[in-house]
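These notes are about the structure you will find just below.
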Number of protein chains: 2
Amino acid sequence: MPIEQLIAYFVKYIPLKDIEKNELKNRVIEKRIKRRQFILQENDVCKYYTFVVSGCFKMYGVDDKGAEHNIQFAAENDWIADIGSFHSGKASRLYIEAIEPSVILQIDQTNLVYLYHNHPKFDRIFRVIAENKFIELQNRVLLNISSTADERYQTFLNQYPNLANRLPDTQIASYIGITPEFLSKVRRIRAKKQLPLT
Amino acid sequence: MPIEQLIAYFVKYIPLKDIEKNELKNRVIEKRIKRRQFILQENDVCKYYTFVVSGCFKMYGVDDKGAEHNIQFAAENDWIADIGSFHSGKASRLYIEAIEPSVILQIDQTNLVYLYHNHPKFDRIFRVIAENKFIELQNRVLLNISSTADERYQTFLNQYPNLANRLPDTQIASYIGITPEFLSKVRRIRAKKQLPLT
DNA sequence: AACAGCCCATAAACAAGGTTAAGAAATAAG
DNA sequence: CTTATTTCTTAACCTTGTTTATGGGCTGTT
């Protein structure tokens with residue numbers, strides 16, 4: 001059951017009482033999403049916090065030339081949302097698209113605020129989640145400003161081996177901020193160095 | 001009074017009761033920091049959340065070649081900490097150094113946890129702070145992976161005009177992930193384009 | 001079986017950004 | 001006020017990454 005998975009996820013942070021579990025159950029909706037289906041498109045408001053039960057999503061922005069730039073992936077037991085749009089109610093500049101057929105749980109503003117006000121434990125849980133995500137992003141920024149494409153690629157492979165297997169290299173290239181062509185070059189150069197031709 | 005400034009800051013998020021204000025007062029310590037003084041050094045544990053009352057700090061990592069890479073600046077009414085180290089109790093890989101003579105307020109683990117447990121409102125406030133910082137970082141990541149040094153520099157000037165005036169360009173270069181020499185070139189090229197020689 | 005649509009690889013020309021070194025201009029410190 | 005120390009700039013040369021174009025392989029449809 002998807003909802004059990006979400007509860008198990010929360011309980012890793014803090015134990016929940018039955019009433020809190022029930023409140024959660026009643027305020028979350030389940031959806032099945034096909035590959036390539038969008039759960040957020042540019043100029044729409046991001047109305048949900050989305051918890052990925054199974055499958056995989058990417059969130060990205062599109063530049064003036066039409067190129068996509070992956071800000072985040074989210075697979076099982078991860079959250080995805082344009083939090084800025086979600087809280088401000090303003091139009092998003094981002095897309096969230098399924099890379100695989102997926103099952104998700106979503107909660108909207110009203111219901112999340114209800115949980116915050118009636119069960120402060122959720123303030124705590126989402127504070128910890130936000131802090132952890134912040135730390136992750138901060139490490140990524142440091143990596144972006146201090147290292148080469150090759151280092152960023154290797155770090156991605158080590159840090160998210162699970163994602164690296166499922167994603168085409170072109171998606172990873174977008175995530176680490178280079179073109180797919182250059183990633184191909186990076187891989188070739190590294191292969192040559194370590195296996196200098198038999 | 002520094003503490004009044006911190007309270008005013010919190011109240012912008014959510015009103016505080018007198019008891020919450022007093023609890024805060026009793027659990028925060030005030031310090032004066034000289035220019036170039038460190039409040040965190042590599043291999044130390046980050047013991048405090050630091051609120052900047054006046055002055056300015058930078059947080060940065062140092063690479064194998066000894067080059068500094070600025071992850072964050074923090075001026076008046078901003079927070080700075082290596083949250084990862086703060087929560088895990090593990091050694092930090094980062095430095096936090098005063099760029100200007102500063103006045104700060106600090107709260108340690110024990111006291112912050114006390115506030116969280118006895119006054120859940122602080123969970124909420126710090127959740128919102130963490131979410132806002134997350135949004136900011138996410139925009140920065142998108143900028144880093146999708147735009148040129150020139151665009152990143154212009155964005156910095158527009159987004160933080162206050163900081164841009166106080167900081168030497170060399171610090172800004174480090175923040176946007178380029179060398180000071182290249183920033184100088186970027187500025188020159190832009191100047192020529194807009195004033196193509198009198 | 002055949003077709004379209006990615007995905008991956010390659011290469012050459014080009015642009016963006018880094019390195020080194022050296023001097024000028026601006027700030028901080030004595 | 002004067003000396004140190006940063007900071008900013010320039011320029012030549014090198015490395016990293018992009019663009020454009022081409023071709024081959026894999027997957028999913030009909």
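Letters A, B, ... are given to chains in the order of the sequence lines, protein chains preceding strands, and every chain is numbered from 1.
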With the side chain counted from C-beta on, respond yes when [X] and [Y] share a heavy-atom pair under 4.5 Å apart, and no when they do not.
X	Y	answer
A:Asn22	A:Ile19	no
B:Tyr153	B:Asp169	yes
A:Cys56	A:Arg166	yes

TODO: Quick one: label A:Thr170 by what it contacts on the DNA or RNA (base, sugar-phosphate, nothing), any heavy atom closer than 4.0 Å.
DONE: sugar-phosphate

Task: Residue met sooner reading DNA chain D from 5', once B:Arg188 and B:Gln171 are mapped to nucleotides - done: B:Gln171

Task: Pair B:Thr50-B:Gln106, side-chain donor/acceptor within less than 3.5 Å - done: yes

TODO: May I ask you to check whether B:Gln109 and B:Tyr49 show a side-chain donor-acceptor distance below 3.5 Å?
DONE: no

Open item on the list: Need to verify one output field. Residue with the more 5' nearest nucleotide on DNA chain C, B:Arg36 or A:Leu167?
Closed with: A:Leu167

- [ ] Would you tell me if any nitrogen or oxygen in the side chain of B:Arg35 comes within less than 4.0 Å of OP1 or OP2 on C:dT27?
- [x] no

TODO: Give a yes/no answer on whether the side chain of A:Arg187 brings an N or O atom under 4.0 Å of OP1 or OP2 in C:dA9.
DONE: yes

Cation over ring face, [X] and [Y], 6.0 Å, 45°:
X	Y	value
B:Lys58	B:Tyr60	yes
B:Lys121	B:Tyr116	no
B:Arg124	A:Phe122	no

Length of the line joining [X]:[atom1] and [N]:[atom2], which is rounded to integer Å:
X	N	atom1	atom2	value
B:Asp169	D:dT9	CG	C1'	11 Å
B:Lys34	C:dA28	NZ	P	17 Å
B:Ile99	C:dT27	CD1	C1'	15 Å
A:Tyr153	D:dG17	OH	P	15 Å
B:Arg190	D:dT9	CZ	C1'	18 Å
A:Glu181	D:dA21	CD	C1'	10 Å
A:Glu151	D:dT16	CD	P	10 Å

Could you list all N or O pairs between the protein and nucleotides 16-18 of chain C that sit under 3.5 Å apart?
{"residue": "C:dG17", "atom": "OP1", "partner": "B:Ala149", "partner atom": "N", "Å": "3.2"}
{"residue": "C:dG18", "atom": "OP2", "partner": "B:Thr179", "partner atom": "N", "Å": "3.4"}
{"residue": "C:dG18", "atom": "O6", "partner": "B:Lys185", "partner atom": "NZ", "Å": "3.2"}

Task: More than 12 heavy atoms of other groups within 6.0 Å of A:Arg27 CZ - done: yes

Open item on the list: Can you give me the bend angle of the helix from C:dA1-D:dT30 to C:dG30-D:dC1? Use the axis through the first five pairs and the one through the last five, nearest 10 degrees.
Closed with: 60°

